[in-house]
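Working notes for the structure below.
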Amino acid sequence: MGYSPFIESVRVELRTRRYSIKTEKVYLFWIRSFILFNDKRHPNEMGNHEIERLLNHLALNRQVSPASQNQALCALIFLYRYVVKKEIRGLNYSFTKKEQVMPTVLTHQEATCIIDKMKGIHWLIASILYGSGLRINEALSLRIKDLDLENNMVFVFRGKGRKDRYSLLPKSLNNAICCQIDKVKKLHQLDLSQGYGLTSLPPALMRKYGNAIKDFSWQYLFPSTTRCVHPYDGYICRHHIHGSAFRKKLREAVQLAAIPKRVKAHTFRHSFATELLLQGTDYRVC
């Protein structure tokens, strides 16, 4: 589908209600899929029957995961409630129950073995995930100002549930973090010399701080190698690296370490919590 005024109206509604960019992309994907699956009919002309057809198709023919089915249903409920202005009632379809899966936990030896197979910033990201118990998006979103190397603390801004918190920062990472900060400083100086230097921020913060976000302290610890156009405000900025690059390196490291477990970035957080429990520490503060 090319440009569509209707899809743009959905995007405006999502942004007005402060949904994240990630959620926006997912919802627009499922809404486009819904329209295309029903021969490009306008949602005003459709209802329960067409929604159930798509959801049945996803479950039976596409065999998507329960999480994807629920995403599609959430997107369509949002579409009809806030854009079409019609409540969907009596749908012969409910949210799919997610299977309860025990999280994978690495021993300390396994975690360090995997991390040792990584290099550069990917090694540092993995070390922070395991040493601080951060989620991957939290680690990638770290800014220079969030690091307190003197007190070995890291500030997590708007983590899960949009809650701020502090977490531990291993002292053993200080040298590596300082080296990374030096690299970020050189990159930022280059951006400034070329007339740029803005980092990406949520719209509300951009309006609040303005050009102050050119300050070095606002820069990401793991900046992208390229500049981009801010998806909301349209200015040229430098965002942080994408999580997919780290996940690729993590898969390679797990294979090299020959660890027979299903390891994701979030596995390090579970392993961090387990280590704290074994040491008698309350992991809920991290």
Side-chain angles (χ1 to χ4, degrees), residues 1-104 135-137 140 160-161 228 231 239 241-255 259-270:
M1 292 178 69
Y3 174 81
S4 163
F6 179 76
I7 291 296
E8 285 306 306
S9 71
V10 177
R11 193 191 308 276
V12 168
E13 196 65 37
L14 284 161
R15 294 188 177 185
T16 300
R17 296 180 181 277
R18 301 295 182 89
Y19 282 70
S20 70
I21 287 290
K22 186 180 290 187
T23 301
E24 177 185 311
K25 289 179 180 178
V26 170
Y27 275 28
L28 290 180
F29 169 80
W30 286 119
I31 290 168
R32 288 190 184 101
S33 298
F34 173 62
I35 294 171
L36 291 172
F37 182 75
N38 288 289
D39 303 319
K40 298 185 178 180
R41 290 167 60 199
H42 196 284
N44 283 329
E45 304 170 2
M46 299 187 282
N48 288 32
H49 175 67
E50 289 78 12
I51 293 174
E52 289 164 2
R53 278 188 64 234
L54 173 65
L55 295 174
N56 286 331
H57 169 70
L58 294 176
L60 300 176
N61 301 326
R62 294 272 305 279
Q63 296 183 341
V64 301
S65 69
S68 295
Q69 287 176 253
N70 289 341
Q71 271 185 352
L73 182 52
C74 284
L76 297 178
I77 288 173
F78 177 92
L79 169 68
Y80 278 91
R81 178 174 296 162
Y82 297 115
V83 182
V84 180
K85 308 296 184 184
K86 181 174 79 173
E87 286 289 339
I88 296 298
R89 304 184 190 281
L91 195 67
N92 292 323
Y93 209 98
S94 59
F95 287 105
T96 306
K97 257 193 170 183
K98 289 179 69 176
E99 296 178 359
Q100 294 295 319
V101 180
M102 289 297 290
T104 302
R135 300 173 178 87
I136 181 61
N137 287 338
L140 297 182
K160 189 173 182 180
C228 65
H239 198 51
I241 65 172
H242 199 276
S244 60
F246 174 78
R247 294 184 183 97
K248 179 182 177 182
K249 294 298 180 181
L250 177 58
R251 284 194 298 270
E252 293 174 358
V254 173
Q255 291 175 348
I259 303 295
K261 293 181 178 179
R262 188 167 179 263
V263 180
K264 301 181 184 178
H266 205 71
T267 304
F268 288 116
R269 177 170 168 80
H270 290 304

With sequence neighbours excluded, give me every salt bridge (charged side-chain N to carboxylate O under 4.0 Å, His left out) pair touching residues 46-61. Arg41-Glu50
Just say parallel, tilted or perpendicular for the rings of Tyr27 and Tyr19, cut-offs at 30° and 60°. tilted
Using a 4.5 Å cut-off on heavy atoms from C-beta on, say whether the side chain of Glu8 contacts that of Val12. no
Which class fits the ring pair Phe78 and Tyr82: parallel under 30°, tilted 30 to 60°, perpendicular over 60°? tilted
Rounded to the nearest 0.5 angstrom, the CG-OG distance for Leu73 and Ser68 is 12.5 Å
Distance col, row Leu54:CG vs Arg62:CZ, nearest 0.5 angstrom, shows 8.5 Å
Is the backbone of Arg262 close enough, under 3.5 Å, to the side chain of Thr104 for a donor and an acceptor to pair up by distance? yes
Can you check whether Arg15 reaches Pro231 side chain to side chain, under 4.5 Å on heavy atoms? yes
Looking at CG of Leu55 and CG of Asn92, how far apart are the two atoms once the value is rounded to the nearest 0.5 Å? 11.0 Å
How far apart are the closest heavy atoms of Gln69 and Ala59, and which atoms are they? NE2-CB, 3.6 Å
4.5 Å side-chain heavy-atom contact, Leu76 and Trp30: no
Answer yes or no: is there a side-chain heavy-atom contact under 4.5 Å between Phe6 and Leu79? yes
Between the CZ atom in Arg251 and the CZ atom in Phe246, the distance rounded to the nearest 0.5 Å is 11.0 Å
Any ring-ring contact (aromatic ring centres under 6.0 Å, His included) involving residues 46-67? Give me the pairs, sequence neighbours left out, ordered by first then second residue. Phe37-His57
Going by heavy atoms in the side chains, are Val64 and Gln71 under 4.5 Å from each other? no
Among residues two or more places apart or on two chains, list those pairs meeting salt bridge (charged side-chain N to carboxylate O under 4.0 Å, His left out) that have a residue in residues 66-91. Arg81-Glu87
Hey, is NZ on Lys261 packed in by over 12 heavy atoms from elsewhere, all under 6.0 Å? yes
Please check if atom NE2 in His42 has more than 12 non-hydrogen atoms from other residues, nucleotides or ligands closer than 6.0 Å. yes
Gap between atom CZ of Phe268 and atom CG of Leu250 - 0.5 Å precision: 5.0 Å
Check Ile241 against Leu140 and note the closest heavy-atom contact, atom names and distance. O-CD1, 3.7 Å
Given Leu91 and Ile77, is the side chain to side chain contact (heavy atoms under 4.5 Å, CB included) satisfied, shown in steps? CA-CA 11 Å; Leu91 195 67; Ile77 288 173; 5.8 Å; no
Supply the atom-to-atom distance Glu13 CD to Glu24 CD, rounded to the nearest 0.5 angstrom. 12.0 Å
